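Reviewing the structure listed below.
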Amino acid sequence: MQKNSVRQPRPENVKGEFYVDHTCIDCDTCRWIAPDFYGRVGSKSAMTAQPQTDEERILSFQALLSCPTYSIHSSGSKADLKAAVDRYPEPVKGAEGVYYCGYNSEKSYGGSAWLVVREGGNVMIDSPRFDPKLVKRVKALGGVKYIFLTHRDDVADHAMWAEEFGAQRIIHASECNSQQGTDKCEIKLEGEGPWNFPGGADDLEIIHTPGHTFGHCVLLHKPSQALFSGDHLAFSRDPPGQLRIFKDYNWYSVPKQVDSVRILLNYDFLYVLPGHGRPRRMRDAAHRLQLINDLLEHEGAL
Ligand code: SF4
Ligand SMILES: [Fe+2]
């Protein structure tokens, strides 16, 4: 394929205002944001239906804004695009104070980033693309006091976000390096914890979850019962609705990662908001225990 033709529509798209080009990296983001319009056809995404109403177009534009590789294009109305811009960061339904940032970054392999708006200062979890449109919206929500980086893979534009808001970055010391600039992070966690969240806050708890990487940590926001799970665990595409670890993308130890899943049996959360994989709310504590036990059984660890 010639270089400029990679930006042409994939033939798999249903024709219309929106299309996905050949540069899609199959990150799944558009498909969980707007599953009625984006689907996996072959090994990449395509429009499986075209949006018909303004609301459907806005949702399709939200997927476009969050595509890490700018692989989605549209001839749709500017007003609908503007409405999509105004929706990010988007509240996670039912989880008070918790937002999905959108604008996934290719530097984080398409990972999602999250924002907690709280009295003790807002916390960004992992880093979205540093886009002026998003910066403006985050500013309107009170800016960012802390940036919690779950591990080294999903740090994207952390330095720009930290500089813009004078935020303090929190990351495990073993995840830091000079290539990504994480050696400059303000708060480095040493050892295995437990650690207090800076500012003596008791609404947030940092949990060391070694496995995907040695220094991987997740963050629990207790008031909303949201677990920011990084690349530790997420809901799978297939089978849908199951909690899974991604063993093909393990950079330290699968057995340790499974052990770190077991640790989560001690915590009370209903939302799993990951870097990669699908975010979802579980029904209740019994559902959470069942899903974690299913994962452990799947890994032969029960
Ligand atoms: S968000 Fe972009 S890269 Fe990810 S699956 Fe959709 S089109 Fe592909
Ligand atoms: Fe990762």
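All residue numbers in this chain count up from 1 along the given sequence. All values below come from the heavy atoms of this structure, side chains included, with hydrogens, waters and symmetry mates left out. The structure presented is a predicted model; accordingly, all values stated were derived computationally and were not measured. Both counts, for ligands and for their atoms, begin at 1 and track the order of listing.
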Using a strict cut-off of 4.0 Å, indicate which atoms of ligand 1 neighbour a heavy atom of [X].
| X | value |
| --- | --- |
| T69 | 3 (S) |
| C30 | 1 (S), 5 (S), 6 (Fe), 7 (S) |
| D28 | 4 (Fe), 5 (S) |

S66, P51, S74 screened by side-chain contact (heavy atoms from CB on, under 4.5 Å) with F61, the one that passes
S74
Strictly under 2.8 Å, is any N, O or S atom of H216 next to the Fe ion (ligand 2)?
no
With a cut-off of 2.8 Å, does H212 put an N/O/S atom close enough to the Fe ion (ligand 2)?
yes
Is C24 close enough to atom 8 (Fe) of ligand 1 to have an N, O or S atom under 2.8 Å?
yes
Considering heavy atoms of the protein only, find what lies nearest to atom 2 (Fe) of ligand 1 and give residue, atom and distance to 0.1 Å.
C67 SG, 2.3 Å
Let me see the working for R152 and T182 under side chain to side chain donor-acceptor pair (under 3.5 Å), right down to the final yes or no.
CA-CA 8 Å; R152 63 173 184 247; T182 40; over 6 Å; no
Between K247, K256, R262, which is the residue that forms a salt bridge (charged side-chain N to carboxylate O under 4.0 Å, His left out) with E299?
K247
Of all the N, O or S atoms in D153, which has the shortest distance to the Fe ion (ligand 2)?
OD2
Looking only at N, O or S atoms in D231, which is nearest to the Fe ion (ligand 2)?
OD2
Sole residue of N250, D153, T150 in side chain to side chain donor-acceptor pair (under 3.5 Å) with H212:
D153
Check the pair Y249, Y109 against ring pair (Phe, Tyr, Trp, His ring centres under 6.0 Å), reporting the backbone distance first and the verdict last.
CA-CA 12 Å; Y249 300 94; Y109 311 97; 8.9 Å; no
For the residue pair R281 and Y271, would you count it as a cation-pi contact if the rule is NZ or CZ under 6.0 angstrom from the ring centre and within 45 degrees of the ring axis?
yes
Classify the ring geometry between Y252 and F214 as parallel (under 30°), tilted (30 to 60°) or perpendicular (over 60°).
perpendicular
Any N/O/S atom, side chain or main chain, of C27 closer to atom 4 (Fe) of ligand 1 than 2.8 Å?
yes
Under-4.0 Å heavy-atom contact with ligand 1, by part of I25 that carries it
both
With the threshold set at 4.0 Å, does a side-chain nitrogen-carboxylate oxygen contact exist between R288 and D268?
yes
